[in-house]
Amino acid sequence: MRIQLDWFNEKLATRLADLEAGRVTPVPPRDAATVMLLRPTEQPPEAIGRDIQVLMLKRTAAMKFAPGAYVFPGGSVDPADYGAEIGWQGPSAAEFGARLGASAEVARALVCAAVRETFEESGVLLAGPPSAGPPGAGPLATPSGPSWEADRMAVAAGTLTLAELLSARGLVLRADLLVPWARWITPDGEPRRFDARFFAAALPEGQEAVGHEAEADHVAWLRPADALRAAKAGEISLLPPTATTLNDFASAVAAGAGLAGILAERRVIEPVQPRLVLEDGAAWLVIPDGVGYPQ
């Protein structure tokens, strides 16, 4: 699949030429985590359980990466995410690592980053008091009110770590709520590169998503198919990994899989790394075949 990019400049052309000639090396990608929060859609009784909505945040125009794009909550792994002394409930870090193509140490940091970034950017916290129940069961936190908002701002500012927050609140990270979904690596030609792991999770009952004004100026719950139609009509902007993931969900819904079916899927996760190429004065993004990018 080839996508013509709507931007092209001499700096990009020079960088790609230097990469091809071996004069420069690609920037190492930073580990990152993204969470697709899902919830059932209000719908006629005969369709209950099949349709879903996904939380999307419109990035502010001031953001350096993907300004104005509709994205899922997420971001880079922070140093504090590594080796964090944190209460943990769910599959081990080694089990996540086997699914995500990472060491146990990196996988643990990715899961911590996924939960932390989701809390920072949407106010949704995938954590709860320790529970001996089966995976996915047990009470969850209800992070609402001034004290929670103060903690959220402190986590976003880096003055409070996720581990400190959970310890002070008597909570553990609910890794069992995260479903590994995909892995995307930024093309070699980009100056800002990420090795991003994508997770799916249900919106916890009793929690409400709210944006972070420094990073998102609009919060929307969208049906995946509607988001794709809006992007095709030029009404919203989607990055290729976002569009592909939305297409995964839209296809699952069309096949009759509701929220429970989507979250029960155990996907084989292979890294996807598109390529940037220049042809006849135009820049193209080449996505590997079989990825499922929407036509």
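Keep in mind that the numbers below use all heavy atoms, side chains included, and drop hydrogens, waters and symmetry copies. Just so it is clear, the model here is predicted, and its values are computed rather than measured.
Arg152 and Ser147 form no side-chain donor-acceptor contact under 3.5 Å, judged by distance and modelled atom types alone. Using a 3.5 Å distance cut-off with no hydrogens or angles, the side chains of Gln53 and Arg223 do not pair a donor with an acceptor. Under the 3.5 Å distance criterion, with hydrogens and angles disregarded, no donor-acceptor pair is assigned to the side chains of Glu164 and Ser167.
The pair Asp195-Arg30 fails the salt-bridge criterion, with no side-chain N (NZ, NE, NH1 or NH2) lying under 4.0 Å from an Asp/Glu carboxylate O. Ionic pairing of Asp226 and Arg229 is present here: one or more N-O contacts between side-chain nitrogen and carboxylate oxygen are shorter than 4.0 angstrom. A salt bridge links Arg116 to Asp78: at least one charged side-chain nitrogen sits closer than 4.0 Å to a carboxylate oxygen. Salt-bridge annotation for Glu190 and Arg193: absent, with no side-chain N of the basic residue lying under 4.0 Å from a carboxylate O of the acidic one.
Separating the CZ atom in Phe72 from the OG1 atom in Thr34 is a distance of 8.5 Å, to the nearest 0.5 Å. With rounding to the nearest 0.5 angstrom, the CD1 atom of Ile287 is 12.5 Å from the CD atom of Gln273. Considering CZ of Phe194 and OG1 of Thr186, their distance stands at 6.5 Å, rounded to 0.5 Å. Here the straight-line distance linking atom CG of Leu239 with atom OH of Tyr70 works out to 13.5 Å at 0.5 Å rounding. Remark: Asp151 CG to Thr159 OG1 distance equals 9.0 Å, nearest 0.5 Å.
Val286 and Leu16 sit in two unconnected hydrophobic clusters of ILVMFWY residues. Membership requires side-chain heavy atoms under 4.5 Å apart, directly or through other members. Under the 4.5 Å side-chain contact rule for hydrophobic residues, Trp181 and Ile185 do not share a cluster.
Between Tyr82 and Asp31 there is a side-chain heavy-atom pair separated by less than 4.5 Å. In this structure, Ser131 and Gln89 have side chains that are in contact, with non-hydrogen atoms separated by less than 4.5 Å. At a threshold of 4.5 Å between non-hydrogen side-chain atoms, the residues Glu120 and Glu117 count as touching. A heavy-atom distance below 4.5 Å is found between the side chains of Leu203 and Val124.
In Glu208, the CD atom is not crowded: 12 or fewer heavy atoms of neighbouring residues, nucleotides or ligands sit closer than 6.0 Å.
Closest approach of Leu140 to Pro204, counting heavy atoms only: CD1-CB, 3.5 Å.
Both the sub-6.0 Å distance and the 45° axial angle are not jointly satisfied by Arg197 relative to the ring of Trp184.
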Full working for side chain to side chain contact (heavy atoms under 4.5 Å, CB included) between Arg169 and Leu165: CA-CA 6 Å; Arg169 297 276 184 174; Leu165 167 69; 4.0 Å; yes
CA sep, side-chain torsions, deciding dist, call: Asp188, Leu276, side chain to side chain contact (heavy atoms under 4.5 Å, CB included): CA-CA 8 Å; Asp188 288 344; Leu276 273 176; over 6 Å; no
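Between the Thr242 side chain and the Leu238 main chain, no donor and acceptor come within less than 3.5 Å of each other.
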